[in-house]
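Here is the structure we will look at, set down as structure tokens.
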Amino acid sequence: MFIPPHLEYAISKIADVPDFPKPGILFKDITPLLQDKKAFSDAVDDLASHLNGANKVAGIESRGFIFAAAIAAKHNLGLVLLRKPGKLPRKTHVVQYELEYGFDSLEMHQDALDKNDRVLLVDDVLATGGTMMAGCELIAKSGAKLTNCAVFIEISALNGRNRLSSIPIHSSIIV
Ligand code: AMP
């Protein structure tokens, strides 16, 4: 477990929910953190401290949107949405991946990024790493450069970091 002192308050606002959305999953519920202005602000500031020169912030549906949008607005950067299938109305890049609890795919508008963009990719939780890997692949398809991945919580037992071994990733808190 790794909790930096400046995030002890924020982590106290994460609710652990056993057996959600199915038996065996310990769900990290960020809604109490979002409801608390200091906890939310501390989390956004920590994630944003790892932009590494990005000009756009990409968020993964759905909870990644919340952190990505807050970082983008605060730092005057563009926001890119990596969405679940069938949600984006124009031409998309698509990547399929395996979740901790099922299969899914992610899509991104083909005109969301180009080779001149430098992107911070954001989500709330890193579990097995499949979602983040799919996000990285989507960004690669666009030709943009990934500056960093950032998640608020890394669940170390699920080894997502090993799967993303070649990719720079910042985790605010490791549990
Ligand atoms: P994974 O692809 O296994 O790394 O799963 C990460 C994605 O699933 C993120 O978008 C999370 O929002 C969600 N997720 C996976 N496991 C959990 C968990 N235990 N608590 C909350 N969200 C989770």
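Fair warning: this is a prediction, and the values are worked out from it, not measured in the lab. Numbering of ligands and ligand atoms starts at 1, following listing order.
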Taking atom 11 (C) of ligand 1 as the point of reference, which of Asp29, Thr128, Ile14, Asp124 owns the nearest heavy atom?
Asp124
Is there a path from Val80 to Tyr97 through hydrophobic residues (I, L, V, M, F, W, Y) whose side chains come within less than 4.5 Å of each other?
yes
What atoms of ligand 1 come closer than 4.0 angstrom to any heavy atom of Asp123?
9 (C), 10 (O)
Without hydrogens or angle criteria, can the side chains of Ser105 and Gln96 be said to hold a donor-acceptor pair below 3.5 Å?
no
Do any nitrogen or oxygen atoms of Ala127 lie less than 3.5 angstrom from nitrogen or oxygen atoms of ligand 1?
yes
Say whether Gly129, considering both its backbone and side-chain N or O atoms, lies within less than 3.5 Å of an N or O atom on ligand 1.
yes
Polar contact flag, side-chain donor to acceptor under 3.5 angstrom, Asp45-His6
no
Side-chain donor-acceptor pair under 3.5 Å between Arg83 and Ser62, yes or no?
no
If hydrophobic clusters are built by linking Ile, Leu, Val, Met, Phe, Trp and Tyr wherever their side-chain heavy atoms come under 4.5 Å apart, do Ile173 and Leu47 end up in the same one?
yes
Sidechain-backbone polar pair: Asp29 side chain, Thr31 backbone, donor-acceptor under 3.5 Å
yes
Please check whether Lys28 reaches ligand 1 - meaning an N/O of the residue sits under 3.5 Å from an N/O of the ligand, judged on distance alone.
yes
First locate atom SG of Cys149, then atom CD1 of Ile60, and finally report the distance between them rounded to the nearest 0.5 Å.
7.5 Å
Which atoms from ligand 1 have a heavy atom of Ile155 less than 4.0 Å away?
19 (N)
I want to know if ligand 1 touches Leu26 in the polar sense, i.e. an N/O pair below 3.5 angstrom.
yes
Using a strict 4.0 Å cut-off to heavy atoms of Arg63, name the atoms of ligand 1 that fall inside it.
11 (C), 12 (O), 13 (C), 22 (N)
Quick check on contacts: which atoms of ligand 1 are under 4.0 angstrom from a heavy atom of Thr131?
1 (P), 2 (O), 5 (O), 6 (C), 7 (C)
